[in-house]
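Throughout, a chain's letter reflects where its sequence line sits, starting with A, and its residues are numbered from 1.
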There are 2 protein chains.
Amino acid sequence: MQFDADQFRSLCAEHGLAVTHQRQVIYQALMSMHDHPNPEVVYEKVRKRIPSISLATVYKNIKTFVDSGLLREVSLHHGPARLETNLDPHHHLVCIQCKTIVDLDDGDLEPVRLKKKLPRGFSVQRYSVEVIGLCKHCST
Amino acid sequence: MQFDADQFRSLCAEHGLAVTHQRQVIYQALMSMHDHPNPEVVYEKVRKRIPSISLATVYKNIKTFVDSGLLREVSLHHGPARLETNLDPHHHLVCIQCKTIVDLDDGDLEPVRLKKKLPRGFSVQRYSVEVIGLCKHCST
DNA sequence: TATTAAACGATAATTATTATCAAACGTCAA
DNA sequence: TTGACGTTTGATAATAATTATCGTTTAATA
Ligand SMILES: [Mn+2]
Ligand SMILES: [Mn+2]
Ligand SMILES: [Zn+2]
Ligand SMILES: [Zn+2]
C-alpha cells in the first residue's frame, strides 16, 4: 500500500500531475478493474472509499489520465452512433483526429487467424479490423 | 427514381415496414452517404428534402433499419466510454449482447497483414482487432 | 508558512438518444 | 373505394452521458 502510494507519487511527478487522495483512489480503482469499465462503474467503486467524491471529479481525472497516457479509451467510437450502409464483410481505416472512417475491402487484408483457442463458449460472429492512424488531411 | 422507389417498396414489404415518404428519403440519404454518418448528419441531409421532418423520426427510422438489418452500426462501442488500463498492444473479444470486453493477447493472433497499399498519406498508428460474437454467458 | 496554480465539489449546461402521445397516414379486407 | 386499425409522424419531455462553470479547498514549492 505504501509502495503503491509511492509508485503513484512518481507516476504523477513524471506527468506533472498533483497527487491528490481522489486521484490516487480513482487510479487504483481503475487498475484493479480488468474488465474495461465505464466512468459510472468507476465512480461507484471509488465511492466506497470516498463517499463524498463528485462524479465530475471522476470524469475529470479519467480525462487527465487519458491525456497523460496513463489510460486509454477502448475505442474511438464512443459517443454518437456511426452508421454503416455497406453490408458486405469489410474493415475500416479510422483517423484518430477527425474520426473519419474509410472502408477497407475484406480482400485487402490477410484473413485474421488465431494462434490459440478462444475462451470456451465464445461463439464468433465476425472479425472487425481497424487500421488506426492519421488520415492524409490530419497529418499535415 | 421510379425504380428506386419500387426497390424500396419491396424492401419494406420484405421486412414488414410501412412505406412512408420520410422513411424513403431517410433511406436514400443514408445509402448515398458512403462515409459512415452519424444521425445528426443524416438529419441535416434529409432536411434538405423534407424541411419539416422531426429529428425523432430520423432516429426512429435508423433504429428500425438497424433492427431490420437494412443498416448497421459501425461499432458496438458507441455510447458511454469504456476504459482501457492494459497499455500493452493487444486485441479484444467483444460480446454483442452484454458488451463485455475481454483482452486477447497480441501474440494470440497472427499479425494483421495488408495485401494492398493503404490510401496515400494515411499513417498507421496501430491495428485493432475485435473478435465479435456471443460470450459463454449470453449464448445460453 | 505564504503564495499560487491545480484540483475539488456542486451543479448548470450541453449533447445524444429515447419515450410519450395526439394527430396523420398506410395497409388491407370488405 | 372506403373505413377500421395498426403504424408512423412531429412536437416535445425525459433520460443518459459528458463537459463547463465557479467558488472553495488543497498541493507544490519557495
Ligand atoms: Mn464501413
Ligand atoms: Mn483491453
Ligand atoms: Zn483525419
Ligand atoms: Zn455476453
Does dC25(C) have its OP1 or OP2 closer than 4.0 Å to a side-chain nitrogen or oxygen of Gln22(B)? no

Starting from P on dA7(C), measure out to CD1 on Ile50(A) and report it in whole angstrom. 15 Å

Working note: His92(A) + His90(A), criterion ring-ring contact (aromatic ring centres under 6.0 Å, His included); need CA distance, chi angles, decisive distance, verdict. CA-CA 7 Å; His92(A) 288 122; His90(A) 68 283; 4.8 Å; yes

dG26(C) C1' sits how many Å from Asn61(B) CG, rounded? 14 Å

In terms of ring plane angle, is the pair Phe8(B) and Phe65(B) parallel, tilted or perpendicular, where the classes change at 30° and 60°? perpendicular

With distance as the sole criterion, is a donor-acceptor pair present between the side chains of Ser32(A) and Lys45(A) under 3.5 Å? yes

Residue closer to the 5' end of DNA chain D, Gly16(B) versus Leu17(A) (nearest nucleotide): Gly16(B)

Measure from OH on Tyr43(A) to P on dA17(D) and round the result to the nearest Å. 14 Å

Give a yes-or-no answer on whether the side chains of Glu130(A) and His77(A) include a donor-acceptor pair shorter than 3.5 Å. yes

Nearest whole angstrom, please: distance from the C1' of dA11(D) to the CD1 of Ile53(B). 13 Å

NZ of Lys99(A) versus P of dT15(C): gap in Å, rounded? 16 Å

Does OP1 or OP2 of dG9(C) have a side-chain N or O of Thr57(A) closer than 4.0 Å? yes

dT19(D) C1' sits how many Å from Asp67(A) CG, rounded? 13 Å

Are there any protein N/O atoms within less than 3.5 Å of an N/O atom in nucleotides 17-19 of chain C, and if so, which ones and at what distance?
unit_1  : atom_1 : unit_2   : atom_2 : d
dT17(C) : OP1    : Ala81(A) : N      : 2.8
dT17(C) : OP2    : Tyr59(B) : OH     : 2.5

Report which part of the nucleic acid Thr20(A) touches: base, sugar-phosphate, or nothing (heavy-atom distance under 4.0 Å, all strands). sugar-phosphate

What integer distance in Å separates Arg9(B):CZ from dT27(C):C1'? 11 Å

Atom NE2 of His137(A): over 12 foreign heavy atoms under 6.0 Å: no

Flag for Asn38(B)-Arg82(A): side-chain donor and acceptor within less than 3.5 Å: no

Expressed in angstrom and rounded to an integer, what is the separation of Arg23(B) atom CZ from dT27(C) atom C1'? 13 Å

Is it the case that over 12 heavy atoms from other parts of the model lie below 6.0 angstrom from the NZ atom of Lys63(A)? no

